[in-house]
Amino acid sequence: MTSPAVVPDPAPDPAPDPASDHASDPAPPAAGHPTPLPDAAPARRIGGAVWAALAIVYVVWGSTYLGIRFVVETIPPFLASGSRFIVAGLLLAALVAWRHGPAALKVDRRRLGSAALVGLLLILGGNGLVNLAETTVPSGLAALLIAAVPVFVVLLRTAAGERPGLGAYGGVLIGLGGLAVLTVPGLSGEVGIGGVLLVLLAALLWSAGTVSSARLPMPANPFTASVYEMLAGGIGGVVVGLLRGEHRGFDPGEVATGSWVALGYLIVFGSLIAFTAYAWLIQSAPVSLAATYAYVNPVVAVLLGTLILGEALTWPILLGGAIVVAAVCLIVSTERRG
């Protein structure tokens, strides 16, 4: 997720180029789902490539919560998250170097440190804690809680001295109400309250990484920035996993086939293909259109969790999810007009 900022809307390219260099653009983190950004240019005709990229972002990112649920069934959560992003980061680095040469990966120490910090917040804090939480929390509920990231982003921007506007603050109040309803399954004992709190902490850390990415000196090429974010966050996840003792008693030979398949899916589709599609999308279409992922992904995640894992659709999940999605819609529409 990147921080709210103004991004120009150039004319659509014929197809995504994952190694193209947009030196003036903010770097969208490869960890997952960038925060909606306001449009800076009038809307224009939307081509088939845009809709294809949008469909990838909708479906693939919405399915990552289900993928995580399968992974953590037999792979320790932080080791799974860390290894996922180390592999994805190395693959992306190879792609960037292949398209533009090794020099494209060179950054100064200051920007490297900034990318590493953002990666730790997004990947170690955000994704790692979601992996840990999904050992006890249904994937659909986790997705709905994470959907409130724009709410936390507005609060953090306000703490930094910005004034997003009354509409954004209205969305925050609505979103907090939705989060209160979504915590009911934890308070009632239907799911572990600890897992619910972990997801909320993950959303807060992801939001901190989002806001920080717009305020720190980052590598000019967003894909280069993502390489170092992935590697830093991935290494951090492995280190935390080792410190937690996740390697003790872990036998890769006993990992279920479904977990390996899900991990491969997250690496290739979640961390590379969908991210590349989104990074191209925010350069090739109105950003307000790309931002619709924020309220489509949780719906996709809930439906997949219900259909494939048989996760229960309780009234707190339905009501709280609807409130959170409405809040995100309000915040996104406010940013779009800003």
Side-chain angles (χ1 to χ4, degrees), residues 1 31-33 55-75 77 80-81 84 126-152 174-207 258-259 261-263 265-266 269-271 274 292-329 332:
M1 291 172 235
H33 317 163
I56 291 172
V57 173
Y58 280 174
V59 177
V60 174
W61 272 351
S63 67
T64 56
Y65 296 92
L66 178 66
I68 289 172
R69 184 71 174 176
F70 276 110
V71 167
V72 298
E73 285 181 351
T74 55
I75 303 177
S81 175
R84 166 189 170 184
N127 188 270
L129 289 179
V130 169
N131 275 40
L132 180 59
E134 283 204 41
T135 60
T136 60
V137 172
S139 62
L141 177 57
L144 290 171
L145 290 167
I146 290 293
V149 159
V151 172
F152 290 115
I174 295 171
L176 291 176
L179 289 177
V181 176
L182 286 172
T183 59
V184 169
L187 296 174
S188 66
E190 295 177 37
V191 299
I193 185 62
V196 172
L197 295 177
L198 280 176
V199 179
L200 290 176
L201 178 58
L204 180 60
L205 291 173
W206 189 285
S207 303
S259 293
V261 171
L263 183 60
Y265 176 83
L266 291 174
F269 289 90
S271 296
T292 56
Y293 88 86
Y295 38 88
V296 174
N297 283 170
V299 175
V300 172
V302 169
L303 289 176
L304 290 175
T306 301
L307 293 174
I308 297 177
L309 296 178
E311 294 176 350
L313 283 178
T314 62
W315 75 263
I317 291 178
L318 290 172
L319 177 61
I323 294 173
V324 167
V325 170
V328 172
C329 289
V332 169

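Residue numbers count from 1 along this sequence.
Shown here for R69 and T135, the closest heavy-atom pair between the two residues is NH1-C, 3.8 Å. E311 approaches G140 most closely through the heavy-atom pair OE1-N, 3.1 Å. Heavy atoms only, all atoms of each residue included: A202 and G126 are closest at CB-O, 3.3 Å. Counting all heavy atoms, side chain and backbone alike, G192 lies closest to V137 at O-CG2, 4.4 Å. When all heavy atoms of G175 and V324 are compared, the closest pair comes out as O-CG2, 4.1 Å. Between A80 and N131, the shortest heavy-atom contact is CB-ND2, 4.0 Å.
With values rounded to the nearest 0.5 angstrom, T183 atom OG1 is found 8.0 Å from L179 atom CG. Here the OG1 atom belonging to T314 is positioned 10.0 Å from the CG atom belonging to L319, to the nearest 0.5 angstrom. Note that CG of L129 and CG of L205 are 6.0 Å apart. Values are rounded to the nearest 0.5 Å. Interatomic distance, N127 CG to L266 CG, rounded to the nearest 0.5 Å: 8.0 Å. Taking CG of L197 as the reference point, atom CG of L204 lies at 12.0 Å (rounded to 0.5 Å). The CG atom of L144 sits 5.5 Å away from the CG atom of L182 when rounded to the nearest 0.5 Å.
Using a 4.5 Å heavy-atom cutoff, the side chains of V130 and I68 are in contact. Residues V299 and Y58 are not in side-chain contact: their nearest non-hydrogen atoms beyond the backbone lie 4.5 Å or more apart. Proximity of L307 to L304: side-chain heavy atoms (C-beta onward) are nowhere separated by under 4.5 Å. The shortest side-chain heavy-atom distance between I56 and F269 does not fall under the 4.5 Å cut-off. In this structure the side chain of T306 reaches within 4.5 angstrom of the side chain of V302, judged on heavy atoms. Residues I146 and Y65 have side chains in contact (heavy-atom distance under 4.5 Å, counting atoms from C-beta outward).
Residues Y265 and S63 have side chains that bring a donor and an acceptor to within less than 3.5 angstrom of each other. Between the side chains of S139 and E134, not a single donor N or O lies within less than 3.5 Å of an accepting N or O.
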Practice item. Let me see the working for I75 and L263 under side-chain contact (heavy atoms from CB on, under 4.5 Å), right down to the final yes or no. Key: CA-CA 9 Å; I75 303 177; L263 183 60; 4.2 Å; yes
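Without hydrogens or angle criteria, S81 side chain to P77 main chain gives no donor-acceptor distance under 3.5 Å. Not one N or O on the side chain of T74 forms a donor-acceptor pair closer than 3.5 Å with the backbone of S259. Checked by atom type and distance alone, the side chain of W61 never pairs as donor or acceptor with a backbone atom of N297 at under 3.5 Å.
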